[in-house]
Amino acid sequence: MRAIVISSEIISHLKRLPHRFNATFSFSSETSPLVAFGDDRESTYSDVPKPCRRKSQRKPYVTPMKVLIERAKKEREARKAQPCRVLEEPPDNGLLVPELVEVSHRVYLARNSLVSGLSQLIRVIPVLRCELCNEVHIGYVGHEIRTCTGPRSGSRSAMHVWRRGGARDVVFFPKCFHLYDRVGKPRVGHDERFSVPRIPAIVELCIQAGVDLAKYPTKRRTKPVYCIEGRIVDFESVAEDIENKIKLSSENIKALPNASPVLARHVENFPILVMNNSNLDWLSEEERNKVRVLSSHTLEAWFEMISGAKKMMEKYSVHTCGYCPEVQVGPKGHKLRMCKASKHQSRNGLHAWQEATIDDLVGPNYVWHVDDLNGSPLNNNLKRYYGKAPAVVELCVHGGAHIPNLYKSMMRLDVVSPDRDEVDLVA
């Protein structure tokens, strides 16, 4: 087929025409006109989350494979050149990273404040979730966008079946195995799956970074470990380990890093902000101000937790399965043969571990943005005009918090969506 080449003068004249131009030709000197006419195949809003990938497709690697191969070669050469060496950089040597100890405490407090604030906000701002899939919606009426992937979704034309949701539907905290000794015994075996406790991955990350919880003890070292031909060897005596453990626990209790004043104020005022109403429109002006303050503090706790978790993930390893949502905090992934995702037969049920992202550690649950909670439901034919945002941001914005600059483009606040009776004119 011969390629059609159109000069720039003809293109300029075509752009001035009042009717829609058929954007099916191939241009040599101009970009694709699909962007100008709002086609779904190419959108100017690149930060809007794309639909879920296929189950058979692996998650993209955070670090390119070539970089990982070169890094492994350098580590192998270093072990050959020096078989016995002392690991100097924390946390690989078993010691804590000093500058991340305070960050871990702030993240832990921020998570508690976030959960407390969400449990209050969902009493006045409705949260809906689909009974057959993981779709979440903020509003009194569920949307009509056909994206359901649950059982028998074809018979329902991919329409969602909505029911009342909770705080767990707004933010997803995947669980992982708690490691008592992240360096000496970094992997949990398949036979230990019932004896080792599972806790939220964000809490396990805070514990490994410096938070001490009596319910989940962990080993704290004062001397770095040795690496002998790729194996970690610890020469600390048992008696010295017990003494240091008692000493460090007492010191951490006495000299706990100070939390941010915003988070502290949020926890103190928590009992006052309890709401008994079930509708935001029924609240008085004083109660609305309390909801607005609670929404602002909850949103600040969300950003505090996310930013601190990113800092800790730069030093402390977090792994996720390439095909399922399983997460493990530590130098290596566990050895449980419980993966039921794609190609698990070839791996004998083991997970395909790779480097995790912040969305794997804390699931944001992106939802469609709604301007009015009492408005008409979102139309499936107009979904290209709607924006998205994390469910926490959407919930707090409807509660009265300021819209973060980070999500203004994603929420498409500058786009005026057509009305339902104008679908035939713009579709």
Side-chain angles (χ1 to χ4, degrees), residues 103 105-129 136-142 163-173 200 202-203 206 258-309 358 362-375 387-408 410-411 413:
V103 176
H105 285 82
R106 293 170 64 90
V107 171
Y108 183 74
L109 293 177
R111 179 190 174 274
N112 295 339
S113 299
L114 175 65
V115 175
S116 301
L118 291 179
S119 62
Q120 297 259 19
L121 290 176
I122 61 175
R123 300 181 183 180
V124 293
I125 302 176
V127 177
L128 304 178
R129 67 155 299 170
V136 181
H137 183 70
I138 308 297
Y140 294 102
V141 182
R163 67 174 178 84
R164 191 80 180 199
R168 296 182 179 180
D169 301 319
V170 179
V171 183
F172 174 61
F173 293 104
I202 185 70
V203 178
C206 295
N258 295 326
S260 61
V262 175
L263 298 179
R265 185 171 64 253
H266 182 199
V267 175
E268 292 174 359
N269 294 340
F270 175 73
I272 305 176
L273 297 175
V274 176
M275 302 297 173
N276 296 322
N277 297 316
S278 59
N279 197 316
L280 190 61
D281 299 332
W282 300 344
L283 301 180
S284 62
E285 188 65 27
E286 182 180 358
E287 291 175 334
R288 287 194 177 187
N289 291 333
K290 291 182 179 180
V291 173
R292 191 177 299 110
V293 172
L294 178 62
S295 301
S296 301
H297 291 171
T298 304
L299 193 59
E300 291 176 1
W302 162 261
F303 284 109
E304 179 85 15
M305 182 186 66
I306 294 298
S307 61
I358 186 63
V362 180
N365 283 350
Y366 289 97
V367 299
W368 294 96
H369 172 61
V370 179
D371 294 331
D372 186 10
L373 294 177
N374 297 316
K388 282 189 174 183
V392 177
V393 178
E394 181 75 7
L395 186 69
C396 295
V397 166
H398 285 295
H402 294 287
I403 301 176
N405 296 328
L406 181 63
Y407 297 105
K408 284 185 177 180
M410 184 184 297
M411 298 170 71
L413 301 177

Student: The test is side chain to side chain contact (heavy atoms under 4.5 Å, CB included); show your working for Arg292 and Asn289 and say whether it passes.
Tutor: CA-CA 5 Å; Arg292 191 177 299 110; Asn289 291 333; 2.5 Å; yes
Student: Report the distance from atom CD1 of Ile202 to atom CZ of Phe173, rounding to the nearest 0.5 Å.
Tutor: 7.5 Å
Student: For the residue pair Ala309 and Val107, what are the closest heavy atoms and their distance?
Tutor: N-CG2, 3.9 Å
Student: Looking at Ala167 and Leu118, what are the two nearest heavy atoms and their distance?
Tutor: CB-CB, 4.2 Å
Student: Show your reasoning for whether side chain to side chain contact (heavy atoms under 4.5 Å, CB included) applies to Glu394 and Lys388.
Tutor: CA-CA 9 Å; Glu394 181 75 7; Lys388 282 189 174 183; over 6 Å; no
Student: Using a 4.5 Å cut-off on heavy atoms from C-beta on, say whether the side chain of Val362 contacts that of Trp302.
Tutor: yes
Student: Give, for atom NE2 of His297 and atom CG of Leu294, the distance between the pair rounded to the nearest 0.5 Å.
Tutor: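 So the gap between those two atoms works out to 8.5 Å.
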Student: Before giving the answer on side chain to side chain contact (heavy atoms under 4.5 Å, CB included), spell out for Ile138 and Val127 the whole-Å C-alpha distance, their side-chain angles and the decisive distance to 0.1 Å.
Tutor: CA-CA 5 Å; Ile138 308 297; Val127 177; 3.8 Å; yes
Student: Please report the closest heavy-atom contact between Pro404 and Val397, naming both atoms and the distance.
Tutor: CD-CG2, 4.4 Å
Student: Calculate, to the nearest 0.5 Å, the distance between atoms CG and NE2 belonging to Asp372 and His398 respectively.
Tutor: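 Here the interatomic distance stands at 8.5 Å.
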Student: Do the side chains of Ser113 and Glu304 get nearer than 4.5 Å, heavy atoms only?
Tutor: no
Student: Going through the checks in order, is the side chain to side chain contact (heavy atoms under 4.5 Å, CB included) test met by His402 and Leu299?
Tutor: CA-CA 9 Å; His402 294 287; Leu299 193 59; over 6 Å; no
Student: Over all heavy atoms of both residues, which pair between Ser295 and Gly399 is shortest? Give the atoms and the distance, please.
Tutor: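 Closest pair (atom of Ser295, atom of Gly399, distance): OG-CA, 3.3 Å.
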Student: Let me confirm one number: the CD1-SG distance from Ile403 to Cys396, rounded to the nearest 0.5 Å.
Tutor: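 So the CD1 of Ile403 and the SG of Cys396 are separated by 12.0 Å.
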Student: Taking all non-hydrogen atoms of both residues, which atom of Ala389 and which atom of Met410 are closest, and how far apart?
Tutor: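 Shortest heavy-atom separation between Ala389 and Met410 comes out as CA-SD, 4.2 Å.
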Student: Can you measure from CG (Asn112) to CE (Met305) and round to the nearest 0.5 angstrom?
Tutor: 10.5 Å
Student: With heavy-atom distances below 4.5 Å as the criterion, would you say the side chains of Asn365 and Val171 are in contact?
Tutor: no
Student: Suppose we screen for salt bridge (Lys or Arg N to Asp or Glu O under 4.0 Å). Which residues come up paired with Arg129, at least two apart in sequence or across chains?
Tutor: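 Arg129 satisfies salt bridge (Lys or Arg N to Asp or Glu O under 4.0 Å) with Asp169 once adjacent residues are dropped.
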Student: If you round to the nearest 0.5 Å, how far is CD1 of Ile125 from CG of Leu395?
Tutor: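 Leu395 CG to Ile125 CD1: 4.5 Å, rounded to 0.5 Å.
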Student: Can you label the angle between the Phe303 ring and the Tyr407 ring as parallel, tilted or perpendicular, going by 30° and 60°?
Tutor: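 Plane angle between 30° and 60°, so tilted.
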Student: So which heavy atom on Thr298 is nearest to which on Gly117, and how close?
Tutor: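 Thr298 and Gly117 have their closest heavy atoms at OG1-CA, 3.5 Å.
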